[in-house]
Amino acid sequence: MFLVTDPETVLGRLGPEPLSNEFKTRDLQRILHHRKRILKPLLLDQAALAGLGNIYADEALHRAKLHPLRRSHTLDSAEVKALWKGIRATLRDGLRHNGASIDWVYRGGDFQNHFRVYGREGEPCPRCGTAIERMIVGQRSTYSCPYCQPWKDQSFQGQPPKEG
Ligand SMILES: [Zn+2]
C-alpha cells in the first residue's frame with residue numbers, strides 16, 4: 001500500500017495490469033522480448049507487470065506449459081499467447097475464489113484448494129500425473145511439472161542455469 005499525494009509517483013513505476021482490456025498479447029510480447037530475463041522473476045517484477053504474486057506466477061507458467069527458467073526473449077509467438085492466456089486465466093481464477101480482493105496471502109479465499117502446482121511438491125500434476133517439483137528461483141519457492149514444462153532454450157546447452 002502506498003500513500004502519496006501524486007499517484008503518478010507510484011503508478012508510473014508499475015507495469016500494465018494484465019486483466020485490463022488494453023493488455024494485449026503484443027504488450028506481453030514487448031515486455032518479454034525487451035527485458036530478456038528469466039521468466040519467473042520477470043513475472044514477479046511489478047515494474048514489468050502489475051499484480052502477479054509468487055503463487056500466480058507459478059500457476060500461470062504451468063497453464064502456459066513454460067519452464068520457470070526460460071529466458072523471456074526466447075518465447076515464440078505461440079508461447080507468448082499461451083502465457084498471456086495463462087496469466088489472465090490464473091488471475092480470474094484467483095478473483096473468483098477470493099471475492100473482490102487480490103491478496104498475496106489469500107486470506108479467506110479458497111483459491112489455495114485449486115492450485116495446480118503451487119505448494120504441491122511430489123503430488124501429481126493435474127494435467128499429466130507427473131510429480132510436481134520444487135526449486136528455488138530468485139530466492140522464491142517455485143513449483144512446476146517437469147513433463148508439462150520441459151526445459152528448452154536454444155541459448156543454453158543442456159541444463160538450465162542454477163539460479164534465476
Ligand atoms: Zn504435467
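Ligands are counted one by one from 1 in listed order, and the atoms in each one are counted from 1 as well.
Side-chain contact between P18 and L49 is present, with at least one heavy-atom pair separated by less than 4.5 Å. When side chains are defined from C-beta on, I55 counts as touching E59, because their heavy atoms get closer than 4.5 Å. Put simply, the side chain of D45 reaches to within 4.5 Å of the side chain of R37, judged on heavy atoms. Proximity of R70 to I38: side-chain heavy atoms (C-beta onward) are nowhere separated by under 4.5 Å.
For the residue pair T142 and K40, a side-chain donor N or O sits within less than 3.5 Å of a side-chain acceptor on the partner.
Between the CD atom in E123 and the CZ atom in F115 there is a gap of 12.0 Å [rounded to 0.5 Å].
Within the protein, the N, O or S atoms sitting under 2.8 Å from the Zn ion (ligand 1) are C125 SG, C128 SG, C145 SG, C148 SG.
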